[in-house]
Amino acid sequence: MKLIPTSFKVISIIFLIFSLIAIRFFERSLFPEALLDFYATTYSFSEPPNFNWFNLISTTILRYLVNSILSILIIYILFPSTKTLKFVVWFYSVAFVVLISAFSILLSQLTPEYYMTLFYIRRFLIQPLFLILLVPALYYQKKVAQK
């Protein structure tokens with residue numbers, strides 16, 4: 001495998017991180033959904049907003065996929081190993097199935113006692129939190145393996 005210059009790796013990672021930041025910054029126009037405004041208020045005392053279930057699920061899935069692809073690219077640039085890439089893709093796939101299932105179930109039974117649970121599940125689906133968790137874990141794994 002041909003070595004990629006470090007400067008190109010750094011520029012690529014910076015570009016990908018800024019892409020993740022842009023998604024967050026422009027989320028209202030890129031991924032409009034009723035829950036953005038709901039969770040921006042004192043939602044624990046509010047009625048859930050009216051929303052199109054299919055639209056909400058599809059925008060959440062799309063955002064998860066975009067964030068996942070960018071995150072997987074960052075991880076692959078940092079840890080260029082096929083074994084690591086397979087693990088990360090598997091991890092994101094399993095997490096997606098579990099989280100989107102729980103999100104769908106809670107969304108269909110949206111009552112005040114589920115607001116916080118739905119909020120945190122949604123957060124894992126729409127934010128690149130797995131990137132923040134996996135990079136240090138994979139770095140530690142790499143350091144342990146080198147000893």
Side-chain angles (χ1 to χ4, degrees), residues 1-41 43-44 48 51 53-147:
M1 183 168 130
K2 191 176 179 182
L3 292 175
I4 300 171
T6 305
S7 59
F8 181 74
K9 287 182 180 182
V10 170
I11 291 169
S12 298
I13 290 172
I14 290 170
F15 173 76
L16 292 167
I17 289 172
F18 275 113
S19 298
L20 288 170
I21 292 169
I23 289 170
R24 174 78 165 119
F25 188 74
F26 297 110
E27 69 185 348
R28 290 191 184 277
S29 57
L30 293 172
F31 306 102
E33 62 170 73
L35 292 180
L36 284 173
D37 292 329
F38 178 64
Y39 282 117
T41 64
Y43 57 86
S44 56
F51 56 86
W53 189 87
F54 179 77
N55 187 37
L56 183 58
I57 295 292
S58 58
T59 56
T60 304
I61 290 171
L62 180 61
R63 187 161 176 186
Y64 183 84
L65 289 174
V66 171
N67 282 337
S68 297
I69 290 167
L70 295 173
S71 298
I72 290 168
L73 286 171
I74 291 170
I75 291 171
Y76 185 68
I77 292 169
L78 290 171
F79 309 100
S81 150
T82 345
K83 185 177 176 184
T84 303
L85 180 63
K86 285 179 185 177
F87 167 75
V88 171
V89 169
W90 175 85
F91 180 87
Y92 272 91
S93 301
V94 170
F96 173 73
V97 169
V98 170
L99 290 171
I100 202 68
S101 299
F103 183 72
S104 300
I105 291 167
L106 288 174
L107 205 55
S108 66
Q109 304 173 20
L110 192 55
T111 57
E113 60 266 11
Y114 296 134
Y115 287 173
M116 285 302 291
T117 308
L118 183 68
F119 174 79
Y120 287 112
I121 289 173
R122 181 178 160 276
R123 175 163 278 181
F124 273 95
L125 285 166
I126 68 168
Q127 304 292 337
L129 297 177
F130 291 131
L131 176 66
I132 296 167
L133 296 172
L134 286 174
V135 168
L138 292 170
Y139 179 76
Y140 177 77
Q141 176 75 23
K142 182 180 176 182
K143 288 298 178 189
V144 167
Q146 288 176 348
K147 289 183 180 181

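- Ring geometry for F130 against F91 counts as perpendicular: the plane angle is over 60°, on a 0 to 90° scale with 30° as the lower cut.
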CA sep, side-chain torsions, deciding dist, call: V94, W90, side-chain contact (heavy atoms from CB on, under 4.5 Å): CA-CA 6 Å; V94 170; W90 175 85; 3.6 Å; yes
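- Residue L134 comes nearest to F87 through the heavy atom pair CD2-CE2, 4.2 Å, listed as atom of the first residue, atom of the second, then distance.
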Is there a side-chain contact (heavy atoms from CB on, under 4.5 Å) between L107 and F103? Walk through the geometry before answering. CA-CA 6 Å; L107 205 55; F103 183 72; 3.9 Å; yes
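- Here the straight-line distance linking atom CD1 of I105 with atom CG of L110 works out to 13.5 Å at 0.5 Å rounding.
- Note that CG of L78 and CG of L138 are 9.0 Å apart. Values are rounded to the nearest 0.5 Å.
- In this structure, L133 and F124 have side chains that are in contact, with non-hydrogen atoms separated by less than 4.5 Å.
- With contacts defined as side-chain heavy-atom distances shorter than 4.5 Å, the pair V89/S93 qualifies.
- Once rounded to the nearest 0.5 Å, the distance linking CG of L70 with CD1 of I13 reads 12.5 Å.
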In sequence, state the C-alpha distance, the side-chain angles, and the governing distance for L16 and I77, and then conclude on side-chain contact (heavy atoms from CB on, under 4.5 Å). CA-CA 10 Å; L16 292 167; I77 292 169; 3.8 Å; yes
Steps toward side-chain contact (heavy atoms from CB on, under 4.5 Å) verdict (Y92, L131): CA-CA 10 Å; Y92 272 91; L131 176 66; 4.1 Å; yes
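- F96 contributes atom CZ, which lies 7.5 Å from atom CG of L125 (distance to the nearest 0.5 angstrom).
- None of V98, I100, L99 except one satisfies the side-chain contact (heavy atoms from CB on, under 4.5 Å) rule with I121; the exception is L99.
- Y140 has its side chain out of reach of P136: every pair of non-hydrogen atoms, C-beta onward, lies at least 4.5 Å apart.
- To the nearest 0.5 angstrom, N67 atom CG is 10.5 Å from R24 atom CZ.
- Interatomic distance, I23 CD1 to I126 CD1, rounded to the nearest 0.5 Å: 11.0 Å.
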